Amino acid sequence: MKSLLWLLLTLAATVNVASNFITSGVLQSAVSVGTGVLALTSGTCLFLTRDRRTA
């Protein structure tokens with residue numbers, strides 16, 4: 001599960017950066033919003049599923 005979340009996070013960040021160079025206009029905004037939501041969601045899921053250690 002975590003490996004899939006890491007893959008989605010990395011893929012979303014890569015596509016988000018690449019879309020700035022490849023597309024423009026409305027398509028760039030749509031891709032940026034979509035990949036941004038995906039990155040935030042997978043990052044949140046990774047945070048919630050982390051191993052908690054006690055002191």
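For the numbers below, each heavy atom of this structure counts, side chains included, while hydrogens, waters and symmetry mates do not. In this text, all values refer to a predicted model and were calculated from it rather than measured experimentally.
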Under 3.5 Å, which donor-acceptor pairs link side chains of residues 3-14 to any protein atom two or more places apart or in another chain?
unit_1	atom_1	unit_2	atom_2	d
T10	OG1	W6	O	2.9
T14	OG1	T10	O	2.8

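Evaluation of the side chain to side chain donor-acceptor pair (under 3.5 Å) test over residues 36-48, restricted to residues two or more places apart or in two chains, returns none. Among residues at least two apart or in separate chains, salt bridge (charged side-chain N to carboxylate O under 4.0 Å, His left out) pairs with a member in residues 1-21 are K2-D51.
Using a 4.5 Å heavy-atom threshold, the side chains of L27 and S19 count as separate.
Counting side-chain heavy-atom gaps under 4.5 Å among Ile, Leu, Val, Met, Phe, Trp and Tyr, the cluster of V17 also holds F21. Here L40 sits alone; no ILVMFWY side chain lies under 4.5 Å from its own, so it joins no hydrophobic cluster.
Partners of S29 by side chain to side chain contact (heavy atoms under 4.5 Å, CB included), not counting sequence neighbours: none found.
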**Request:** Apply side chain to side chain contact (heavy atoms under 4.5 Å, CB included) to M1 and T49, showing your working.
**Result:** CA-CA 9 Å; M1 177 71 171; T49 59; 5.8 Å; no

